[in-house]
Structure formats: C-alpha cells, structure tokens
Amino acid sequence: MPNERGGMTAVVLACCALGALTVAGTLALSRGHLTATPSSSLPTIATEEYGRRLIMQTSELLGPDVADPNLRYNGSRLNCASCHLGAGTEQGTLTLMLTTEHYPRFSARSGVKTDIEDRVNECMTRSMNGRAVPRTSPEMIAMAAYIRSLGGINQAVGASQRKAHEPAGFKTPNRAADLNVGKKTFEERCSACHGMNGLGLRASTDAKRGYVFPPLWGPDSFNDGAGMHRVLTAAKFIKARMPLGMPDLNDDQAFDLAAFINSQPRPEMPNLEQDYPDRKAKPIDNGYGPFADSFPLKQHQYGPFAPIEAFYKQKKAAK
Ligand code: HEC
Ligand code: HEC
C-alpha cells in the first residue's frame, strides 16, 4: 500500500502515465492482494482502460464526427476531461476520485435516486449536449468501471495528502457580477487559448479529434442545462483550474468571468422547466426558472446572491 506521503503522486502518475495495467496493479495492491494480477481479471483491465480513453478522448471516440452514427453520443466537441481534468484524477474541484462514495444518491434535479451510470448520462446530455448512453453498452460499462476504479485508488491516498493537493476554494462576492469586467479579463487571461471569440481552437491536423483548446460557448460547447452553466459552479471551477496550469485568479475575477461566459450563446436543452420537481431544492444560481421565490431570473444568473440565500434560510427556519 502506498505510504501517506508519496501515495497520491505515485498513484496518480502511475494511473496517467503507465496506463491500465498499472491501474489494476495499484488497485490490487490497495486492496491488499500482493499477488500478481490473475489473468482472469484482464477483461476488467481492458474495460477500465477503455473507459479512461472515452473520458479523455470523448470527442474523437463518441463525438459528432465519428464514422459509426450509433456511437455519436457526444453532441458537443468537448471531452469529459475538458472539465474533469486528468480524467478526473485531479484532487478537488470536479474530481472523480470520490464519486464512488457519492453514489447512489438522491438527485434533486431529476427528483429520483441516481447511480454513477445515471450521473454519467446527466453529463452526457447536458455538459456534452448529447444523448444518453445505454446502461448495457460497452461504452457505459467501461466509463462506469473506470470511475469506480478511481474510488479504489482514492482509498489508498491518505485524506491529508488529498487535502494538500486541493485547489483554493471560492467565496461568492457580495454583489452582482460585472459582465464588462468579465469580458475584459477574458480577453486578457483566457483568449490566448480559448480564442478571442471563445470558440476554442480546433485540432488542425485531424479535425475529428475535436479541440486543442475547448470552446467556452457556441454550438460545440456545453448546453444551458449543464452544471457549468451555473455561475457559482463555473466560478469555482475557473478559480481552481484556469488559466490551465497556472490558476491565479481571485474570487472577483472568477465570478465576473463565469458570468460573462454564461451570458454567451450556447445550445439550448428542451424541457428544462421540468428539472427540480421540488423547486425549493433548486440551486440559487440555476440559470433557468421556475423558482420557489420571486427574485428576478437575472439575479439567479448573476447575483447578488446574499439576499436569495437569506430568503431560503428564513424559509427553512420558519418551518
Ligand atoms: C462542461 C463541463 C463538464 C463536462 C464536459 C463533463 N462534466 Fe461531469 N460534471 C460537471 C459538473 C459541473 C459536475 C457537478 C459537480 C457538482 O455537483 O458540484 C459534474 C459531475 C459529474 C459526476 C459526479 C461526480 C461526483 O463525484 O459527484 C460524474 C460521474 C461526471 N460528472 C462524469 C462525467 C462524464 C463521464 C463526462 C463525459 C461523458 C462528463 N462528466 C463531462 C461538469 C462537466
Ligand atoms: C494555457 C491555455 C489556457 C488558458 C490560458 C485558459 N484555458 Fe481554460 N482550458 C484549457 C484547456 C486545455 C482546457 C481543457 C482541459 C484539458 O483538456 O485538460 C480548458 C478548459 C476550460 C473550461 C471547461 C471546458 C469548456 O470548454 O467549457 C473552462 C470553463 C475554461 N477552460 C475557462 C477558462 C477561463 C475563464 C480562462 C481564463 C481565466 C481560461 N480557461 C484560460 C486551456 C486554457
């Protein structure tokens, strides 16, 4: 079992750099089986490795340019890893290392109990603007197996080690976001990669591989029902992860940037008003109504959030 200190780096490096065999080997170790991986588990290894590739190269393998129309599940040209960095192995914001512990659970958005497969399809239909992957397809089995394998690896990583690698948290500024400031910061800090028009940079050598730098809005981006379309979720991600490799923004910058990006055009998902059957459970920064309050939609999209928070706190206390 990896020790507390070197554990995470070793495990994550092994997972990313050396591929599936090492993943499975590490898993076997973390479960305390020190014997060599038996050959009967080889199909599992292949499945997990396929799942990891689907999450890294979702555009190339399941996107709109794939030759087999049956495999075109991803309606955007994003990869799962465009948001779940390092195929979900990065600690903190949008990590997939803890997912096994999170599911099954009740989803306020759909109003029913959901498992990992359901959650993958929520991202497929919203974050990827695509269509649901059948539960019994090799693709779903592989993605879910890979995500579950991360849970095993995560247990081998000590909690303190995990914390040490988490990015800074986000605290909501007590004001409405300023779209003009967001636009200016976008041009200064983001456009070098994501393009002045926010539409990203397509891979020039082989167009079907999708994007080198993913689009932040436009037809190939996430749709308006996605979690990233919530301003506080996006601000948290941006502060923790962007600019890629050198995140250095403060809460105010991340907040204005998130609002500016979410004010831009993107694919629209039908029937969004049916989300959150219990409207009181709707996140206060949800980008679409109806809500169980009378604050204007614009305030839910861009703040200020303190009055909305106070309203729901009071409502809860009164019960
Ligand atoms: C545009 C960004 C984006 C893309 C692309 C994306 N996701 Fe997500 N994903 C999110 C957000 C945001 C959440 C919700 C996090 C939260 O609840 O705070 C999420 C949550 C999840 C979760 C639940 C994590 C947990 O531990 O609760 C899973 C599993 C997941 N995504 C899998 C996928 C898969 C598989 C794909 C590709 C098919 C994908 N995602 C594509 C943004 C994205
Ligand atoms: C050095 C290049 C670079 C810079 C600068 C950069 N990004 Fe990114 N960004 C990326 C890459 C690459 C990804 C996808 C992650 C991956 O594939 O590993 C990404 C992903 C994203 C995503 C999620 C995926 C999507 O397309 O919606 C958002 C949102 C985002 N960046 C916002 C920003 C913002 C805001 C800034 C400016 C503060 C910024 N980025 C600056 C390279 C960059």
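First listed ligand is number 1; within each ligand, the first listed atom is number 1. No hydrogens, no waters, no symmetry mates; every other heavy atom, side chains included, goes into these values.
Remark: ligand 1 atoms within the under-4.0 Å shell around heavy atoms of R105 are 27 (O). Those atoms of ligand 2 with a heavy atom of F222 less than 4.0 angstrom away are 27 (O). For ligand 1 and L96, the ligand atoms under 4.0 Å from any heavy atom of the residue are 28 (C), 29 (C), 30 (C). Counting the atoms of ligand 2 from 1 in the order shown, those under 4.0 Å from a heavy atom of I261 are 35 (C).
Ligand 2 does not have N79 within reach: every non-hydrogen atom of the residue lies 4.0 Å or more from it. Remark: distances from the non-hydrogen atoms of P215 to ligand 2 include one below 4.0 Å. For F237, the closest heavy-atom approach to ligand 2 falls below 4.0 Å. Taking 4.0 Å as the cut-off, A192 does not count as a neighbour of ligand 2 on heavy-atom distance.
Comment: D115 engages R135 in a salt bridge, judged by a side-chain N to carboxylate O separation of less than 4.0 angstrom. A salt bridge does not link R266 to D224: none of the charged side-chain nitrogens sits closer than 4.0 Å to a carboxylate oxygen. No salt bridge links E187 with K184; every basic N to acidic carboxylate O contact stays at or beyond 4.0 Å. For E90 and R241, the salt-bridge test passes: some basic side-chain N is under 4.0 Å from an acidic carboxylate O. A salt bridge is defined here as a Lys NZ or Arg NE, NH1 or NH2 lying under 4.0 Å from an Asp or Glu carboxylate O, and R53 with E139 fails to meet this definition.
If you check which protein heavy atom lies closest to atom 5 (C) of ligand 1, you get M128 SD, 3.4 Å. Remark: minimum distance from atom 37 (C) of ligand 1 to any protein heavy atom is reached at C80 SG, 1.8 Å. For atom 3 (C) of ligand 2, the nearest non-hydrogen atom of the protein is C193 SG, 2.7 Å. The closest protein non-hydrogen atom to atom 6 (C) of ligand 1 is S127 CB, 3.5 Å. Of all protein heavy atoms, the one lying nearest to atom 27 (O) of ligand 1 is H102 ND1, 3.1 Å. Among protein heavy atoms, the minimum distance from atom 23 (C) of ligand 1 is reached at R119 CG, 3.4 Å. Closest to atom 40 (N) of ligand 1, if we only count protein heavy atoms, is H84 NE2, 2.8 Å. Atom 1 (C) of ligand 1 has its closest protein heavy atom at C83 SG, 2.7 Å.
Of the candidates A226, A87, C123, C123 brings a heavy atom nearest to atom 39 (C) of ligand 1. Taking only non-hydrogen atoms, the option from D256, L216, L201, L94 nearest to atom 28 (C) of ligand 2 is L216.
Counted by atom type alone, Y288 and D275 present one or more donor-acceptor pairs between their side chains at under 3.5 Å. A side-chain N or O of H300 and one of D293 form a donor-acceptor pair less than 3.5 Å apart.
Distance check for atom 9 (N) of ligand 1: a protein heavy atom is found below 4.0 Å. Distance screen at 4.0 Å: atom 42 (C) of ligand 1 has a protein heavy-atom neighbour inside the cut-off. Under the 4.0 Å distance rule, the nearest protein heavy atom to atom 31 (N) of ligand 1 falls inside the cut-off.
Residue contacts with ligand 1 for T233 involve side-chain atoms from C-beta outward but no N, CA, C or O (heavy atoms, distance under 4.0 Å). Contacts between L249 and ligand 2, counted as non-hydrogen atom pairs separated by less than 4.0 Å, involve the side chain only. Of the heavy atoms in H194, only side-chain atoms (C-beta onward) come closer than 4.0 Å to ligand 2. When non-hydrogen atoms are compared, ligand 1 lies under 4.0 Å from the side chain of Y103 (C-beta onward) but not from its backbone. Under 4.0 Å from ligand 2, not a single heavy atom of F186 appears. Neither the backbone nor the side chain of R230 has a heavy atom within less than 4.0 Å of ligand 1. Only backbone heavy atoms of A81 (N, CA, C or O) come within less than 4.0 Å of ligand 2; its side chain stays farther off.
Considering both main-chain and side-chain atoms, L257 never comes within under 3.5 Å of ligand 2 through any nitrogen or oxygen pair. Residue-to-ligand polar distances place T99 within reach of ligand 1: an N/O pair is separated by less than 3.5 Å.
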